[in-house]
Amino acid sequence: MKVLILGSGGREHALALTAARSPRVTEVVCAPGNGGIAERARCVPVNLKDLEAMVGLAEAEKPGLTIVGPELPLSLGIVDALQQRGFRVFGPTRGAALLETSKGFAKRFLQRHNIPTANYAVCASAAELEKAVDVFHPPIVVKADGLAAGKGVLICDSRATALEAAQGLFTGALLGEPERQVILEEFLTGEEISFLCLSDGKHIAPLLPAQDHKRIGEGDTGPNTGGMGVYTTDELLAPAMREWILHHIAEPTIRGMAEEDTPFTGVLYCGLMMTARGPQVLEFNARFGDPEAQAILVRLESDLVDALEACIDGKLCDTELRWSPGASACVVASSAGYPGAYKTGLPIGGLDAAAQVPGVEIFHAGTAQAGRQLVTAGGRVLGVTAAAPSLEEALARTYRALAGIQFEGIYFRRDIGRRALKHWQE
Ligand code: AMP
Ligand code: GLY
């Protein structure tokens, strides 16, 4: 079977390598892919903002399975368009992806189904927001309704700064495009957990829970990014807490979407805050996380393609996911300046030696081939990933590999997973 993967990041590199391990897969094609994926799979250019171009590509390639990586094609309705033409495609329809693509939809859905989340107000104008803000106590969380690539959440320490932030979102001054709705939210404190599940629209198969590190700076300081590093361990959630999240968050979400005639098939990513009054939903994503996918997939022992096909066929209840015991870590090496402006085209060295560290997989995110030289081509450049029997060992392997990698201005956080290690030692 030929598998087509849409996307170009570290997540898609991990999906491509994991799909290629399936004995039924004869070829993996990635569109548009990146410099690292091109070493192991055929990459073909495509514009992920262009629905017709993606459909045309599928018609030319005739894949047996298409896996959609990022949210943008989902928001355009790539799954609906491919399904209508008879293709088998893994991901939610445009209507189901609203859980990610409209935070206003997600908040109202959560409330309708009594799923725990922060108190909120969805506002359709600055005037409406000015009235609603008085029932929130600072810090006040101000969110854009639509997709914002990690830039749509502002934590404001006063009523005045919240109004200013909301104004910036409504006018388009902050994100480029004006927002139709802005969400005010109660500020929650606690540890964040990424809880991802596969779903066939009815049944759920949880993936390994993970913890991302969203801020650029060590000690969780500085601006938000797409994710600077992530780890998984068998101890991250107690079994009872995992069951609670399944029964009170993931299952009611899948049930609610089915009841509302927008069944959710694909990866449901629940971004949770573990607060004093229990886990609360911060956000949903309708896809694998990046870099969560890298750290999760290096521990998957069963067949990824079988599991994704079971989702398409509504047969997830017959599927058992098997994982290697222990832990994994993925540390992102980024370009100097990210998440702001950064240079590209800088030569990358040391990858061959780094890949020799036992248990290490180097997933490419923003890389390209310039002739025979691999160069930087994005903010997040590489996701150095390792699985191991313990988190200490997974991190040691990851950082040993990172020590040998060079490009001008390389930056990575040295504290990925450190809080978890300290916590368990106490
Ligand atoms: P989101 O895109 O909604 O996940 O928000 C991005 C990040 O903003 C989250 O990962 C949190 O770190 C933070 N955040 C979002 N909502 C809240 C909230 N209600 N309270 C505290 N932090 C939040
Ligand atoms: N790592 C966060 C995300 O994929 O949205």
Side-chain angles (χ1 to χ4, degrees), residues 7 9-12 14-15 68-72 74 97 99-107 110 116-122 136-157 162 165 169 175 179 182-196 207 209-217 220-232 266-277 279-297 330-332 334 339 363 365 379-380 383 385 413 416:
R11 164 183 50 208
E12 287 75 22
L15 286 167
V68 186
E71 59 276 22
L72 188 64
L74 296 173
L99 281 180
E100 170 166 8
T101 59
S102 168
K103 289 198 193 285
F105 173 86
K107 293 299 287 190
L110 287 161
T117 191
N119 290 320
Y120 72 98
V122 180
F136 288 84
H137 193 279
I140 303 172
V141 183
V142 180
K143 292 189 179 184
D145 182 64
L147 293 179
K151 300 198 174 92
V153 177
L154 299 121
I155 311 230
C156 304
D157 55 13
L169 292 174
L175 296 177
E179 287 295 316
V182 172
I183 291 94
L184 293 174
E185 216 175 89
E186 167 196 11
F187 180 77
L188 299 176
T189 50
E191 293 274 331
E192 281 186 60
I193 299 282
S194 304
F195 192 87
L196 284 68
L207 305 179
Q211 187 165 50
D212 193 7
H213 297 64
K214 289 223 166 99
R215 307 289 203 93
I216 187 73
D220 299 314
T221 52
N224 254 338
T225 69
M228 292 303 292
V230 69
Y231 67 89
T232 74
V267 178
L268 177 70
Y269 170 138
C270 308
L272 305 178
M273 188 74 95
M274 308 301 282
T275 74
R277 61 191 165 104
Q280 309 270 321
V281 176
L282 282 180
E283 64 159 350
F284 286 121
N285 292 317
R287 51 172 174 79
F288 284 103
D290 187 340
E292 283 89 340
Q294 294 89 309
I296 291 171
L297 292 173
C330 171
V331 177
V332 170
S334 63
F363 297 117
R380 293 191 291 176
T385 310
R413 278 182 60 167
I416 301 303

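Indexing begins at 1, ligand by ligand and atom by atom, following the structure's order.
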Under 3.5 Å, is there a donor on one side chain and an acceptor on the other for E185 and Y120?
no
Protein heavy-atom partner closest to atom 20 (N) of ligand 1 - residue, atom, separation in Å
L188 N, 2.8 Å
Can you sort out which atoms of ligand 2 are near G226, meaning under 4.0 Å from one of its heavy atoms?
1 (N), 2 (C)
Which atoms of ligand 2 sit under 4.0 Å from any heavy atom of G289?
4 (O)
For Q280, is the nearest heavy atom under 4.0 Å from an atom of ligand 1?
no
Minimal heavy-atom distance between D290 and R287, with the atoms involved, is N-NH1, 4.4 Å
Between V153 and ligand 1, which part of the residue brings a heavy atom under 4.0 Å of the ligand: side chain, backbone, both or neither?
side chain
Test L282 against L188 for side chain to side chain contact (heavy atoms under 4.5 Å, CB included), laying out the working first.
CA-CA 9 Å; L282 282 180; L188 299 176; 4.1 Å; yes
How long is the straight-line distance from OG1 of T275 back to CD of E192, given to the nearest 0.5 Å?
12.0 Å
Could you say whether the N/O atoms of F288 and ligand 2 ever approach to under 3.5 Å?
no
Can you spot which of D145, L110, L99, V122 makes a side-chain contact (heavy atoms from CB on, under 4.5 Å) with F105?
L99
Contacting atoms of ligand 2, where contact means under 4.0 angstrom from a heavy atom of E292
1 (N), 2 (C), 4 (O)
For atom 4 (O) of ligand 1, the protein heavy atom that lies nearest, with its residue and separation
E283 CD, 2.7 Å
Quick test of your reading of the structure: of N119, L282, D212, whose heavy atom lies closest to atom 17 (C) of ligand 1?
L282
Any luck finding a side-chain donor-acceptor pair between E292 and S194 under 3.5 Å?
yes
Heavy atom under 4.0 Å from ligand 1: found in N224's side chain, backbone, both, or neither?
side chain
Does any N/O atom on R11 come nearer than 3.5 Å to any N/O atom on ligand 2?
no
Would you mind finding which of R287, K214, E283 brings a heavy atom closest to atom 3 (C) of ligand 2?
R287
Check R11 against A293 and note the closest heavy-atom contact, atom names and distance.
CG-CB, 3.9 Å
Select the closest option to atom 3 (O) of ligand 1 among E192, E185, K214, K143, judged by heavy-atom distance.
K143
So, taking the atom named CG in L268 and the one named CD in E100, what distance separates them when rounded to the nearest 0.5 Å?
10.5 Å
Using a 4.0 Å heavy-atom threshold (strictly under), name the region of N285 that reaches ligand 2: side chain, backbone, both or neither.
side chain
